[in-house]
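First listed ligand is number 1; within each ligand, the first listed atom is number 1. What you are looking at is a predicted structure, and each value in this text was computed from that prediction instead of being measured.
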Amino acid sequence: MSTAFITHADCLKHDMGAGHPEQPARLTAIEDQLIASGVDGYLQRYEAPLATDEQLALVHPMEYVHAIREAAPESGRVQLDPDTAMNPHTLNAALRGVGAAVLAVDLVFEKKIQNAFCSVRPPGHHACTARPMGFCIFNNVAVAARHAMRAHGIGRVAIIDFDVHHGNGTEEIFEGDPSVLMASTFQHPFYPYSGTEMPASNMVNVPLPAGAGTKQLHEAVTRHWIPALDEFRPELVVFSAGFDAHAEDDMAMLQFKDADYRWVTEQVKAVADRHAKGRIVSMLEGGYALSALGRSVVQHLRVLAGLN
Ligand SMILES: [Zn+2]
């Protein structure tokens, strides 16, 4: 069975302005590296549908969804927070991101594919139940997890977040929820300055100091993530796949290399193979150094697609 690559042209039209690091060129950088590496030829491409209100309501209150719909401008740009803006295309881009997550889950459970990567933006892991934040509007991975439980009858989902920023939105949504185990690494202290104050027992948070790299990632995964994941026995693994901990990414100060994304994906894929029939849905989060982003996604996808 193959690996799906899910995206949509609407995700290229969401534009927060010249100089904003969360830019459309991120997705074209991924496409360029897929072609240059030859990995593109091994992927099954799907267009992301628009999410429905019912799907958004798995995570977000309808008042919040309506407020976002109403905030969408007909022209120009509106700021949702100091880092997050909407242009006339942002609403559809965000709905495609959630729609991609739902489609990916359905394709995996219908056994049409083995796993999926969703190359979408805006990202989602800072989005709280009723608050946009840090480039994020709707929480894509949270909808994926809830949809898998609701539509496909599973009881345990693991969320793996290796973005350099703590996934505070995902934590807020699932803290204390025994059906979800969230395992993450993130730079600390760093934006959004969360994840370290007595996290709930279903949060396996491993904060890393500035300058940490391959060695600290290996320790975090082997000592903390894997034992917790093996005990939890997820029936689906969802990645919050952010690539901004890369050494070339000057958004932050971790020092991950291309090969680290391959390694961490291999470790987590082995967990999915042991417990979840190999079911993996991966959602793009951060990653702002364009070449490093594209190359790192290729490493991640090589493992998902079973390529050498
Ligand atoms: Zn990030």
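Rounding to the nearest 0.5 Å places CG of Asn202 at 8.0 Å from CD of Glu175.
Between the side chain of His275 and the backbone N or O of Leu236 there is no donor-acceptor pair closer than 3.5 Å.
Nearest to the Zn ion (ligand 1), among the N, O or S atoms that Asp163 has, is OD1. His165 contributes ND1 as its N, O or S atom closest to the Zn ion (ligand 1). When you scan the N, O or S atoms of Asp244 for the one nearest the Zn ion (ligand 1), you land on OD2.
Using a 3.5 Å distance cut-off with no hydrogens or angles, the side chains of Thr3 and Asn115 do pair a donor with an acceptor. Looking only at atom types and distance, the side chain of Asp260 has no donor-acceptor partner in the side chain of Gln255 under 3.5 Å away.
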